[in-house]
Colleague: 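First the structure, which I've put down as structure tokens, then a few questions once you've had a look.
Position 1 is the first residue of the sequence; numbering continues from there.
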Amino acid sequence: MNPFRTRHRASPVLVALGSAVLLAASVIAPSAAAAVVEEQPRSSVALDWYDTTAATIAADAAPTQITNSRTWAVSWLAAARATRQVPSGVDRGDFQDAALASAVHDALVALVPSRTQELDAALRTTLQGVPDGAAESKGVAAGVRQARLVLAAREGDGLDPASVNAPFTVPPAAPGVWQPTPPAYAPAAQYGNRLARPFLLDSPGQYRLTAPPALDSARYRTELAEVRAYGAVDSTVRTQRQTETATFWLGSSLTLYTEPLRVALARSPHSSAGRARLVALFHVASVDTQIATSDTKYAHLRWRPVTAIRTGSIDPDPAWTPLHTTPAHPDYPSGHNTYSGAAEAVLSALVGPRTAPFQLTSPTAPGVTRTYTSWSGLSRENVDARVYSGIHTRSADEAGLVLGERVATHALRNAARLFGTL
């Protein structure tokens, strides 16, 4: 048992989510009539294109996570808008399937042109399953139009890899101030996120967190002692299960949450239109959360545990080494946990906080399979994982959940702005 771990409280994501849950009906079904129609899932076109999107990004991934999140958001926002209004006199399901496929296809071809051949083949397969006629042709046209409009609207948003990793001047070393970390002492990463244009936030700093615990506070001393004990590469107190947790959640949050979102999508009772809105909201919230995360990180510039333990005034240990290599950006808040908080908020609001058991694997923990029945279970493990990795303080992790929830709830409350026609 970890004596440093705070007693579990109700998830901050769920505490503040009541109003967002009430909004779920308006987000997924913009009208009562549409809600009735969408209660019967018609086909697997949304799942087919979900898998196609995942495969496309995995095959030719950008070097920055937020850029790949943007690709998801743009392509599925185009799909959500294309499927929103069905022309009179055509079959709703046929139109929506064609519109979704066409929108995601065109957006992905523009953003990942190296996969054009595979994307063209996937589109042909989808359209072979849609009867020829006005529904198909109008759906394809709607998808083409919305992909073009969304791509144009997001042009120059500052989420390309070069902009994301804009140069940052490291301030002089001082207690609590972030410095490049061993072993590579790499330049600061993701500074440019806070300069990017969000989808729905009014500004990157709209939900900026207050300062982390003071260096002379009892909380900070306790949290640093926890990381020192449980996050060391040669820790004698971290259990095998805790080490597994750290390793399981070590990889990209985008990669780790691709399967949970697919589970939610597969279990959704809605049609292609409702499913497109779910994926679009998830990834729009993810992009805005990553922007907000970098804003708070670089506003407070809190040093990482490895710097504090090696050079700080609290029992310095120049040889201390974390279990996993520290990422090249400030400690507060944890980006893994802002992503997790946003994911939990969107999934809890739109499909409910609990679900039937589902299994999850991790590319950084081969052979390990874990089972979950709630989205909050993923969040709880993310909080612990970054401490056990030795790369975050617990307050940075817990604050991350709060920031992610706030940004995602903002996205849910402003969903009408997303899905209106351009």
Colleague: Quick one: does T321's side chain get under 4.5 Å of R310's, heavy atoms only?
Modeller: yes
Colleague: Of all heavy-atom pairs between V150 and A78, which one has the smallest distance, and what is that distance?
Modeller: CG2-CA, 3.9 Å
Colleague: Please name all residues satisfying salt bridge (charged side-chain N to carboxylate O under 4.0 Å, His left out) with R304, sequence neighbours left out, ordered by chain then number.
Modeller: none
Colleague: Indicate every side-chain donor-acceptor pair of residues 199-209 with a distance under 3.5 Å to a residue at least two apart or in another chain.
Modeller:
from, atom 1, to, atom 2, distance (Å)
D202, OD2, Q206, NE2, 3.3
S203, OG, Q206, N, 3.4
Q206, OE1, D202, N, 2.7
Y207, OH, H410, ND1, 2.9
R208, NE, D295, OD2, 2.7
R208, NH2, D295, OD1, 2.9
R208, NH2, D295, OD2, 3.4

Colleague: Taking only distance into account, with no hydrogens and no angle test, what donor-acceptor pairs under 3.5 Å do side-chain atoms of residues 120-130 form with protein atoms, sequence neighbours excluded?
Modeller:
from, atom 1, to, atom 2, distance (Å)
D120, OD1, H105, NE2, 2.6
T125, OG1, A121, O, 3.1
T126, OG1, W49, NE1, 2.8
T126, OG1, A122, O, 3.3

Colleague: Is there a donor in the side chain of D397 and an acceptor in the side chain of N337, or the other way round, less than 3.5 Å apart?
Modeller: yes
Colleague: Do N382 and H336 get their side chains close enough for a donor-acceptor pair, meaning under 3.5 Å?
Modeller: no
Colleague: Just by distance, no angles: are the side chains of T258 and Y50 close enough, under 3.5 Å, to form a donor-acceptor pair?
Modeller: no
Colleague: Taking only residues two or more places apart in sequence or in another chain, which ones pass side chain to side chain contact (heavy atoms under 4.5 Å, CB included) with A246?
Modeller: L323, H324, Y388, S389
Colleague: Using side chain to side chain donor-acceptor pair (under 3.5 Å) as the criterion, list what pairs up with T243, not counting sequence neighbours.
Modeller: R238
Colleague: Got a sec, which residues hit ring-ring contact (aromatic ring centres under 6.0 Å, His included) with H283, two or more places apart in sequence or on another chain?
Modeller: W72
Colleague: Decide, yes or no, whether a salt bridge links D157 with R70 under the criterion of side-chain N to carboxylate O below 4.0 Å.
Modeller: yes
Colleague: Taking the side chain from T409 and the backbone from R406, do they hold a donor-acceptor pair closer than 3.5 Å?
Modeller: no
Colleague: Between the side chains of T338 and T289, does any donor sit under 3.5 Å from an acceptor?
Modeller: no
Colleague: Less than 4.5 Å apart, any side-chain heavy atom of V104 and any of T52?
Modeller: no
Colleague: Between S137 and A134, is there a donor-acceptor pair closer than 3.5 Å when you use the side chain of the first and the backbone of the second?
Modeller: yes
Colleague: If you compare all heavy atoms of A273 against all heavy atoms of Q96, which two are closest, and at what distance to 0.1 Å?
Modeller: CB-NE2, 3.3 Å
Colleague: Strictly distance-based, threshold 3.5 Å: is any side-chain N or O of S286 a donor or acceptor partner for the main-chain N or O of F282?
Modeller: no
Colleague: What is the minimum heavy-atom distance between A292 and V407, and which atoms define it?
Modeller: CB-CG2, 3.9 Å
Colleague: Hey, is the main chain of E155 close enough, under 3.5 Å, to the side chain of R197 for a donor-acceptor pair?
Modeller: yes
Colleague: For P212, give me all partners under side chain to side chain contact (heavy atoms under 4.5 Å, CB included), at least two apart in sequence or on another chain.
Modeller: H300, R302, Y332
Colleague: With S253, which residues qualify under side chain to side chain donor-acceptor pair (under 3.5 Å), at least two apart?
Modeller: none
Colleague: Determine yes or no for a side-chain-to-main-chain donor-acceptor pair under 3.5 angstrom, with S235 supplying the side chain and A229 the backbone.
Modeller: yes
Colleague: Show the nearest heavy-atom pair for residues S272 and D97, with the distance to one decimal.
Modeller: OG-OD1, 2.5 Å
Colleague: Listed by chain and number, what are the side chain to side chain donor-acceptor pair (under 3.5 Å) partners of T247, not counting sequence neighbours?
Modeller: none
Colleague: Cut-off 3.5 Å, side chains only: do S379 and E344 have a donor facing an acceptor?
Modeller: yes
Colleague: With ring pair (Phe, Tyr, Trp, His ring centres under 6.0 Å) as the rule and sequence neighbours excluded, what pairs involving residues 150-170 come up?
Modeller: F168-Y191, F168-Y298
Colleague: So which heavy atom on A46 is nearest to which on W76, and how close?
Modeller: O-CH2, 3.4 Å
Colleague: Any side-chain to backbone donor/acceptor pair from R354 onto W375? Under 3.5 Å, distance only.
Modeller: no
Colleague: Give a yes or no on whether a salt bridge exists between R262 and D51, defined as a side-chain N under 4.0 angstrom from a carboxylate O.
Modeller: yes
Colleague: Which atom names give the shortest non-hydrogen contact between A328 and W178, and what distance separates them?
Modeller: C-CZ2, 3.9 Å
Colleague: Write out all pairs satisfying side-chain hydrogen bond (donor to acceptor under 3.5 Å, both in side chains) with one or both partners inside residues 56-66, taking only residues at least two apart or from two chains.
Modeller: D60-S114, T64-T67, Q65-S252, Q65-Q290
Colleague: Could you tell me which residues satisfy side chain to side chain contact (heavy atoms under 4.5 Å, CB included) with E381, sequence neighbours excluded, listed by chain and number?
Modeller: R241, T245, W249, R370, Y372
Colleague: Whether the side chain of T116 engages the backbone of P113 through a donor-acceptor N/O pair (distance < 3.5 Å, no angle test) should be reported.
Modeller: yes
Colleague: Between D384 and R394, is there a salt bridge with N-O shorter than 4.0 Å?
Modeller: yes
